[in-house]
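Down below is the structure, laid out as structure tokens.
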Amino acid sequence: MRSLIKHVLTRTEATDSLEVAGWVRTRRDSKAFSFIELNDGSSLLNLQIVADANIPGYEEIHKMATGASISVKGRLIASPAKGQDWEMQASSIKLLGAVPEDYPLQKKGHSPEFLRSIAHLRPRTNLFGAAFRIRSRMAYAVHRFFQERDFIYVHTPIVTASDCEGAGEMFRVTTLPDDKISRDSEDFFEKRAYLTVSGQLEGETFACALSNIYTFGPTFRAENSHTSRHAAEFWMVEPEMAFCDLAGDMDVAEEMIKFLVKEALDGQDHDLSICEKFVDKTLRQRLEHVVEKPFQRISYTEAVKLLEASGQKFQYPVKYGLNLQSEHERWLTEEYFKQPTTVYNYPKEIKPFYMRLNEDGKTVTAMDLLVPGIGEIIGGSQREERYDVLLENFKHHKIDPEAYGWYADLRKYGTVPHAGFGLGFERLLMFVTGIQNIRDVIPFPRTPGHCEF
Ligand code: 4AD
Ligand code: MG
């Protein structure tokens, strides 16, 4: 059985018989032997192979170029070379897959744009290998955070008839041939169906039965945003808590972000170091600061006042009643508070129908968590749990009360205060890796005009 190089390199004893396999990073030949740096993607680290010219398989050594796949049997010995504890003295070596000369990943550095065009090969580079290992580990940490706190994982549907955010940014799902599709055409489901923009509404039904739940899955937005933080397909983490208000919601969001950032700091020494080296020299320091200091909280009204008084020349206007733009969010977190900041109680006009109306009759219990370098990473709210007020909201937002009768039922039958939020998983990954483009933390990014694979 082949051993993963990650485990080989953390062994405490030399061993006589071992088999590893991977892709050649580099090879250096001398007359009597070759050195190969071998990587299998289990970690950033390479295992150095020493292959004497007389071992079986050596006759194909010239084909074992950067990118070729090989397997090696041999023994692990203490390495005389600096910077590594172990190396492998090969007893046999086997070429599995050669590479022609046009292998796109050569030793030199490649631009992120070029690497995006070869998304099927980029996980083989150091930075992308690290980014996607961190992605896996963070996904596991999300589950750990909620499972350790007795939240129940609910699989909300990917195909849905509801538009949670009411923004009309849904991808239509249909089996009709192109020339038969019209606005009103109905086919497989006998009604119009879409890819979900959020699991929240269905999540609420489960919170109103099981108390604390979360969903974590793909969501889709047909918004024509050409920015470095929007994707058409992204993953969202959405907890929903019964018997919870806005303050409780903000507490869980802060605790979760701190937990996940700490996980990133603790777990992945080598992977985070690569991000530090290639992307952001101050990454670790920045993340430590996030874990140590409490987050800021400020109402939307106060935030607007601060922005107006800032003397900054923003591209977009700042005015009570307008949405905060990314440049405003970044000023608040990067220039003013220098720490993640939760903005709450937004004007009702700029938020969706499901948010709870405050006593002032003007604002709703919305909250957005903003972080330095990115802006909004979480959006959430306490939900409107009053039946009559919800029905009013339906009217105001031109929502068909019949289609959302099931949602209103939660308010009719044993209603409870409840709250939740959505964390954009890719934005979290951008935050903990320092990687500045969302396309570089998604294995196969989908953005306007791009669905290559
Ligand atoms: O603020 P949003 O739209 O909130 C909701 O969808 C709520 N239903 C969530 C809830 O309360 N359960 O989206 C939540 C988060 C944003 O803060 C952002 O991090 C991320 O999802 N997000 C995107 N990430 C990447 N690409 C996009 N196009 C995104 N749109 C939202
Ligand atoms: Mg939002």
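Predicted model, so just to flag it, every value in this text is computed and none were measured. Each ligand, and each atom within it, is numbered from 1 in the order the structure gives.
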> Can I378 and I257 be said to form a side chain to side chain contact (heavy atoms under 4.5 Å, CB included), step by step?
Replying inline: CA-CA 10 Å; I378 283 178; I257 293 293; 4.0 Å; yes

Ring-ring centroid check [X] [Y], cutoff 6.0 Å:
X    : Y    : result
Y300 : Y344 : no
Y194 : F220 : no
F216 : H143 : yes

>> Are there over 12 heavy-atom neighbours, none belonging to F188, within less than 6.0 Å of that residue's CZ?
In response: no

Side chain, backbone, both or neither: which applies to [X] and ligand 1 if a contact is any heavy-atom pair less than 4.0 Å apart?
X    : answer
E169 : neither
W235 : neither
C164 : side chain
F234 : side chain

Should you measure from each heavy atom of [X], which atoms of ligand 1 turn up under 4.0 Å away?
X    : result
S198 : 6 (O), 8 (N)
I378 : 17 (O)
E223 : 27 (C), 28 (N), 30 (N)
G424 : 15 (C), 19 (O), 20 (C), 21 (O)
Y354 : 7 (C), 8 (N)

>> Walk me through whether R25 and N126 qualify under side chain to side chain contact (heavy atoms under 4.5 Å, CB included).
In response: CA-CA 10 Å; R25 281 295 168 89; N126 280 341; 2.7 Å; yes

> Does R149 make a cation-pi contact with F259 (under 6.0 Å, within 45 degrees of the axis)?
Replying inline: yes

> Which word best sums up how the rings of Y404 and F394 line up, parallel for under 30°, tilted for 30 to 60°, or perpendicular for over 60°?
Replying inline: tilted

Heavy atom to [atom], shortest distance: which of [options] holds it?
atom                    : options                : result
atom 16 (C) of ligand 1 : E376, Q382, M367       : E376
atom 12 (N) of ligand 1 : R229, E204, E238       : E238
atom 6 (O) of ligand 1  : R427, E426, R221, H230 : R221

> Is there a donor-acceptor pair closer than 3.5 Å between any side-chain N or O of E334 and the backbone N or O of G373?
Replying inline: yes

> Around the Mg ion (ligand 2), what protein N, O or S atoms are found below 2.8 Å?
Replying inline: E376 OE2

> Name the one of T341, T342, N345 that satisfies side chain to side chain contact (heavy atoms under 4.5 Å, CB included) with I298?
Replying inline: T341

> Of all the heavy atoms in F425, does at least one lie under 4.0 Å from an atom in ligand 1?
Replying inline: no

>> Looking at ligand 1, would R383 count as a contact under a 4.0 Å heavy-atom criterion?
In response: yes

>> Run the side chain to side chain donor-acceptor pair (under 3.5 Å) test on E238 and S198 for me, step by step, so that the C-alpha distance in whole Å, both residues' side-chain angles and the decisive distance to 0.1 Å come before the verdict.
In response: CA-CA 8 Å; E238 293 182 276; S198 160; 2.6 Å; yes

> Can an N or O of G380 be found at a distance shorter than 3.5 Å from an N or O of ligand 1?
Replying inline: no

> Which heavy atom of the protein is the closest neighbour of atom 26 (N) of ligand 1, given with residue, atom name and distance?
Replying inline: A231 N, 2.9 Å

> Can you check side chain to side chain donor-acceptor pair (under 3.5 Å) on T227 and H230, steps first, answer last?
Replying inline: CA-CA 6 Å; T227 80; H230 287 91; 2.7 Å; yes

> Would Q200 and Y354 count as having a side-chain donor-acceptor pair, cut-off 3.5 Å?
Replying inline: yes

